[in-house]
There are 2 protein chains.
Amino acid sequence: MTTVLIVDDQPMQRFGFRMLLESQDDMTVAGEAANGAEAVRLVSELRPDVALMDIRMPGLDGIEATRRIVAAGDRTRVLILTTFDLDEYAYAGLRAGASGFLVKDAQPEELLAGIRAVASGDAVVAPSLTRRLLDAYAEKLPAPGETDALAQDARLAQLTDREREILTVIGQGWTNTEIAERFHLAESTVKTHVGRILAKTGSRDRVQAVILAYDTKLVKPS
Amino acid sequence: MTTVLIVDDQPMQRFGFRMLLESQDDMTVAGEAANGAEAVRLVSELRPDVALMDIRMPGLDGIEATRRIVAAGDRTRVLILTTFDLDEYAYAGLRAGASGFLVKDAQPEELLAGIRAVASGDAVVAPSLTRRLLDAYAEKLPAPGETDALAQDARLAQLTDREREILTVIGQGWTNTEIAERFHLAESTVKTHVGRILAKTGSRDRVQAVILAYDTKLVKPS
DNA sequence: GCGGTTCTAGTACCCCGGTACGACAGCCGC
DNA sequence: GCGGCTGTCGTACCGGGGTACTAGAACCGC
């Protein structure tokens, strides 16, 4: 069962969302908030799976509320909903750590699919924005040729591709739970991988693995 | 009317797609191709709106075919479809200039919505991949204000000398027990310090503290 | 002297991380 | 075909890490 917190300053808008969500038998509305401050408070209190977040609200807006929710380290994923797909909003929302960004005039099915995707650790972005996201991403890609000047360390060389991939995100601070969610693996699988990484690299725990990742430039300082 | 070219080496797979597409009154199948070379040829000949492209095919694969179609400057958008959401495939496909990337086990509605989005110039990406895309994108973003490096220094500045000292050895991989022994402290004291360090720096656990230590150059790669 | 800060220390509790098994499916090379 | 490697998943267990409190001692500045 996916629990959802509805955040919107317009009562009728909240009502509409509530009706839609309650009509689904795998979803339930954990609560409603009319502004950002209330949203932050209710998230920490109710710990919903997903916060459906409007942007324009009196007082604390949706962006800032998202930032605080993400910063608090709660497991709640934020799905931003707004009337217009203005770039600034989207970018700001994504920077704030939102897991998704959809426009309100989306089809109900799209909205529901978005909520389910976000709840399961995936992310969703309105199609109109995805294009720009891809363009920006393409620029960031290492280049058609080869994948970077891969860190050649004897310890890293023993790792399989999968293990190196996982070590990379360990180096970015991901917990086993997060790795499992975002890679769609069981936590036990992640633990197996981590155990092998530690054994192969001679690391005592993931902290030393992180240090190794930095020292070998597998992960670079941000 | 959206015209679609189906590219897949498996006849049954093509048949399935054809049935699905023909059931829609705003879509029509322009043709079918069983490999990459045929796809490139048919695109230039039929000029469909969208090419539904499988990746694994004998001869010219979907990635290379996509690259050539895009390079040819045709108006045809390529939507890549594959069985598994392997990173390499996705990255390669996006680099090649595809307008979208979906997994074959997606719901038919998702697939259709994806085709319509791509045909209208938008882009679509499978939810499972969007997450990683967002993460990568977030890294690329310049950061809210001008903060970043300075902000992290600000977080370090809040620490007392003792705390900074302890954060340094945390960054070197020491456990609480080791810190207690070598600093002649009780482990409970170390835990108190660590807890305050995490709170002040906004780190979730010592792993993130290690990352912070490296990013701020408090600890330097060996 | 008194309040604020820092360092120290303790207890109690819970959860995540790591280990130690075993198991199976797919793939590749011999 | 068979064995080895890889990736996946499961269960069970334990210890360290982190949190939430409280609290005393030393120091400093007003």
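Values reported hereafter were calculated over all heavy atoms of this structure, with side chains retained and with hydrogens, waters and symmetry mates removed. By convention in this document, chain letters (A, B, ...) are assigned in the order of the sequence lines, proteins followed by strands, and residues within each chain are numbered from 1.
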Could you tell me the separation between the [atom1] atom of [X] and the [atom2] atom of [N], rounded to a whole number of Å?
| X | N | atom1 | atom2 | answer |
| --- | --- | --- | --- | --- |
| A:L167 | D:dG7 | CG | P | 13 Å |
| A:D161 | D:dG7 | CG | C1' | 12 Å |
| B:H193 | C:dG10 | NE2 | P | 13 Å |
| A:I197 | C:dG18 | CD1 | C1' | 13 Å |
| B:F183 | C:dC7 | CZ | P | 12 Å |
| A:E163 | D:dG7 | CD | P | 6 Å |
| B:Q208 | D:dG17 | CD | P | 16 Å |
| B:H184 | C:dA9 | NE2 | P | 11 Å |

[X] side-chain proximity, nearest of [options]:
| X | options | value |
| --- | --- | --- |
| A:K191 | C:dG18, D:dC9, C:dC7 | C:dG18 |
| A:T160 | D:dG7, C:dG18, D:dC9 | D:dG7 |
| B:L185 | C:dA9, C:dG17, C:dC7 | C:dA9 |
| A:R206 | D:dG7, C:dC7, C:dG17 | C:dG17 |

Open item on the list: Would you call the rings of A:Y214 and B:Y214 parallel, tilted or perpendicular, taking 30° and 60° as the class edges?
Closed with: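 Ring orientation, 0 to 90° scale: tilted.
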- [ ] Classify the side chain of B:R196 and the base of C:dT8 as holding, or not holding, a donor-acceptor pair under 3.5 Å.
- [x]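 Answer is yes: a donor-acceptor pair is held.
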Task: Quiz item: A:T177 side-chain donor-acceptor pair to C:dC16 base, under 3.5 Å - done: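 Donor-acceptor pair under 3.5 Å: no.
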Is the distance from OP1 or OP2 of [N] to the nearest side-chain N or O of [X] less than 4.0 Å?
| X | N | answer |
| --- | --- | --- |
| B:N176 | D:dG17 | yes |
| A:S188 | D:dT8 | no |
| A:R204 | C:dG17 | no |

Task: Any side-chain donor near an acceptor of the partner, A:R116 and A:Q24, under 3.5 Å - done: yes
Open item on the list: Looking only at the side chains, is there a donor atom on one of A:D49 and A:T3 sitting less than 3.5 Å from an acceptor on the other?
Closed with: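 Result is yes, a qualifying pair exists.
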Open item on the list: Using every non-hydrogen atom in the two residues, find where A:I115 and A:V50 come nearest and quote the distance to one decimal.
Closed with: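 For A:I115 versus A:V50, the nearest heavy atoms are O-CG2, 4.0 Å.
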Task: Where B:N35 and B:V7 come nearest, the two heavy atoms and their spacing - done: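 Heavy atoms only, the tightest pair is O-CG1, 4.0 Å.
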TODO: Among A:E187, A:R206, A:E181, find the one that has a side chain to side chain donor-acceptor pair (under 3.5 Å) with A:N176.
DONE: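 Between A:N176 and the candidates, side chain to side chain donor-acceptor pair (under 3.5 Å) is satisfied uniquely by A:R206.
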Open item on the list: Applying a 4.0 Å non-hydrogen cut-off, can you work out what B:T189 is touching in the nucleic acid: base, sugar-phosphate, or nothing?
Closed with: base
TODO: Just call it for A:T175: base, sugar-phosphate, or nothing, with non-hydrogen atoms closer than 4.0 Å on any strand.
DONE: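 Touches sugar-phosphate only.
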Open item on the list: Pick the closest DNA chain C nucleotide for B:A186 and for A:S203 by heavy atoms, then say which residue is nearer the 5' end.
Closed with: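 Whichever sits nearer the 5' end wins; that is B:A186.
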Open item on the list: Closest-nucleotide mapping onto DNA chain D: is A:K200 or A:T192 further toward the 5' terminus? I mean the 5' end.
Closed with: A:K200
